[in-house]
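Here is how names work: the chains are called A, B, and so on, in the same order as the sequence lines, proteins then strands, and each is numbered from 1.
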Amino acid sequence: MSNEKIRVRIAPSPSGNLHVGTARTALFNYLFAKKMGGEYVLRIEDTDLDRSSEAFKQNIFDSLKALGLNWDEGPDVGGEYGPYKQSERFDIYPKFAQMLIDKGYAYECFCSNEDLDKEHEIAEANKVPYKYSRKCLNLTEEERAKLKAQGIKPSIRFKVDYKELVFNDLVKGELKFDTSLIGDFAIMKSNGTPTYNFAVVIDDMLMKISHVIRGEDHISNTPKQILIYEALGAKVPEFGHLGMILAPDRSKLSKRHGATAVSDFIKQGYLTEALLNFVALLGWAPSDAQEIKNVDEIAADFRIHEVSSSNSIFEYEKLNWMNGQYIKKMDISKLTDLALPFLSKYDTSKYSREKLEKIIEVTREPITLLADLENDTQYFFENPIYDEVKEILEGEVARAVLPKFLEELKTWDFDNHEEIHDKLGDIRTFFKENNGYKPKETMWAIRSALTGRTRGADMVATIQILGKDEIIKRLENLI
RNA sequence: GCCCCCAUCGUCUAGAGGCCUAGGACAACACCCUUUCACGGUGUAGACAGCGAUUCGAAUUCGCUUGGGGGUACCA
């Protein structure tokens with residue numbers, strides 16, 4: 001791989017929304033390309049027409065873009081080696097398949113699904129690993145013509161001969177395979193479309209992909225693919241196989257474990273920056289101890305051969321913590337834009353943009369998900385719900401504190417943060433000295449009256465946002 | 001069944017023969033800060049799967065066992 005251009009690709013199939021696992025693979029490809037100054041292409045693998053859909057394809061585009069993993073070439077942006085959707089490349093594959101037949105590397109197979117099923121059953125009954133019987137390997141020209149005349153459409157199989165195959169994996173090191181264990185596998189289906197293993201090789205070859213970085217669920221495909229490259233006389237790319245992401249129960253991460261699609265995470269209120277950062281840490285560790293890093297910083301520090309080769313478990317705790325970190329640090333205007341959709345049940349128009357930002361600013365601190373904002377900002381938009389603080393409001397402290405608080409605040413300058421802060425302090429001191437109330441109790445009474453809660457955002461800021469009129473109204477209703 | 005991959009605290013990981021009485025992060029717990037919750041700070045607890053071998057010396061090398069994962073399609 002002398003001085004050829006480094007080109008990587010991510011090749012999702014649109015049979016589902018973009019999975020976090022795929023997102024991580026995309027990220028690692030992106031990081032590798034970025035670090036090495038290479039190109040990163042997106043190819044849609046929709047050879048399985050039945051399972052592919054336009055909606056899923058759109059979800060994949062949107063999710064990748066939301067994550068900021070923009071591609072240099074792809075179905076929407078084009079590029080020198082297009083088209084980038086396999087369904088638009090169907091005319092390409094048969095030519096190469098024919099070439100392999102001509103060179104004796106492949107042959108037509110007329111076996112029906114029933115025939116094949118039977119072979120499988122027999123193998124299973126005899127407890128012997130299944131391999132295609134090669135029934136069609138030595139069909140004569142006449143026999144094939146006859147079969148075709150009967151209207152039987154053949155598939156095309158690649159002829160696998162014995163060979164010790166070795167390749168050096170970018171993350172796993174040397175990998176060895178005995179190809180005699182692999183049966184002759186199909187490269188073209190009888191319906192004229194290519195199988196996955198064939199389409200990938202043809203496309204990667206034609207698109208000049210130099211490094212194939214993907215999940216380790218593809219390891220066993222690799223020898224087949226290398227065999228095809230070799231038969232084609234093409235240059236074999238470098239391969240790198242990443243460990244998989246598992247659910248906490250160590251099974252494949254699937255819907256029953258909760259969110260699996262990037263779009264689900266976004267809907268739940270995860271920030272794409274946090275999700276990306278978190279997923280990068282699954283299998284990769286920064287050279288310094290600083291785990292919170294943006295994509296550029298990660299790319300600068302990224303070394304593919306240092307990626308862990310084992311599986312990792314997707315645990316929410318750290319993701320949640322990280323999301324909280326990003327929420328706390330994010331530019332407040334940007335955060336407000338992201339937060340507003342989560343506040344759709346409220347009439348946010350009653351506040352100015354400035355005040356809305358203020359609301360987000362004071363409520364962002366303890367939250368872990370943007371969705372938490374709906375509950376945490378409730379009392380800014382609606383009347384407080386007093387159920388939880390009933391006892392406090394009916395108690396002695398509240399009955400003493402609230403009237404005094406109401407009386408005093410009427411004279412306060414609500415634009416003056418300092419003043420409110422100090423006056424509240426005075427009230428605390430007053431009740432401590434005269435009634436022996438703990439500062440905490442006094443504040444709880446006030447907070448409960450204003451918000452219906454005993455916990456929440458900074459009290460001074462809350463008072464300022466609510467405004468004098470609203471506070472007077474709330475207090476008068478209670479007293 | 002067969003083939004392949006993997007194996008350090010609960011989780012993500014650092015560690016590429018002596019720097020390891022194994023480091024960090026999340027979670028847990030304790031304390032501090034504080035007008036609440038939180039944030040933040042300080043600390044505590046917590047791991048080299050097992051067994052052999054190589055070596056003066058092994059978490060690091062090799063083998064076996066066990067465990068987990070993946071593959072075994074005219075699905076990708």
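Backbone-only contact: A:Glu45 has heavy atoms under 4.0 Å from sugar-phosphate atoms and none from a base. If you check every strand for non-hydrogen atoms under 4.0 Å, A:Arg428 touches a base. Here A:Cys111 lies in heavy-atom contact (under 4.0 Å) with a base. Using a 4.0 Å heavy-atom criterion, one finds that A:Glu441 contacts no nucleic acid atom at all. Using a 4.0 Å heavy-atom cutoff across all strands shown, A:His305 reaches no nucleic acid atom at all. Counting any heavy atom pair closer than 4.0 Å across all strands shown, A:Thr195 reaches sugar-phosphate atoms only and no base atom. A:Lys438 comes within contact range of no nucleotide atom at all, as no heavy-atom separation falls under 4.0 Å. Contacts of A:Arg51 with the nucleic acid, taken as non-hydrogen atoms under 4.0 Å apart, include base atoms. When heavy atoms are screened at a 4.0 angstrom cut-off, A:Asn221 is found touching base atoms of the nucleic acid.
Here B:G24 is the nucleotide among B:G69, B:C5, B:G24 with the atom lying nearest to any side-chain atom of A:Lys318. With B:A76, B:C37, B:C6 as the choices, the nucleotide that has an atom nearest any side-chain atom of A:Ser309 turns out to be B:C6. Of the candidates B:C74, B:C75, B:C6, the closest approach to any side-chain atom of A:Ala186 belongs to B:C74. With distances taken from any side-chain atom of A:Asn113 to the nucleotides B:C74, B:A76, B:C26, the minimum falls on B:C74. Relative to the side chain of A:Pro366, the nucleotides B:A38, B:C5, B:C74 differ in distance, and B:A38 lies closest. Considering only side-chain atoms of A:Glu317, the nucleotide from B:C75, B:G24, B:C26 that sits closest is B:C26. The side chain of A:Pro129 has B:C2 as its nearest neighbour among B:C2, B:C5, B:G69. Closest to the side chain of A:Asp458, from the set B:G71, B:U35, B:C39, is B:U35. Residue A:Lys328 places its side chain closer to B:C39 than to any other of B:G70, B:C39, B:A27. Comparing B:U11, B:A14, B:C74 by their nearest atom to the side chain of A:Leu116 picks out B:C74.
Between the CG atom in A:Leu466 and the CG atom in A:Leu450 there is a gap of 5.5 Å [rounded to 0.5 Å].
Rounded to an integer number of Å, the gap from A:Asp178 CG to B:G71 C1' is 15 Å.
Ion pairing of A:Glu407 with A:Lys404 is absent here, as no side-chain N (NZ or NE/NH1/NH2) approaches a carboxylate O to less than 4.0 Å.
Of the residues A:Lys224, A:Arg134, A:Lys135, A:Arg157, the one that meets the salt bridge (charged side-chain N to carboxylate O under 4.0 Å, His left out) test with A:Asp184 is A:Arg134.
Using N1 to N3 plus N6-O4 or O6-N4 for Watson-Crick, or N1-O2 and O6-N3 for G-U wobble, each under 3.5 Å, B:C9 pairs with nothing.
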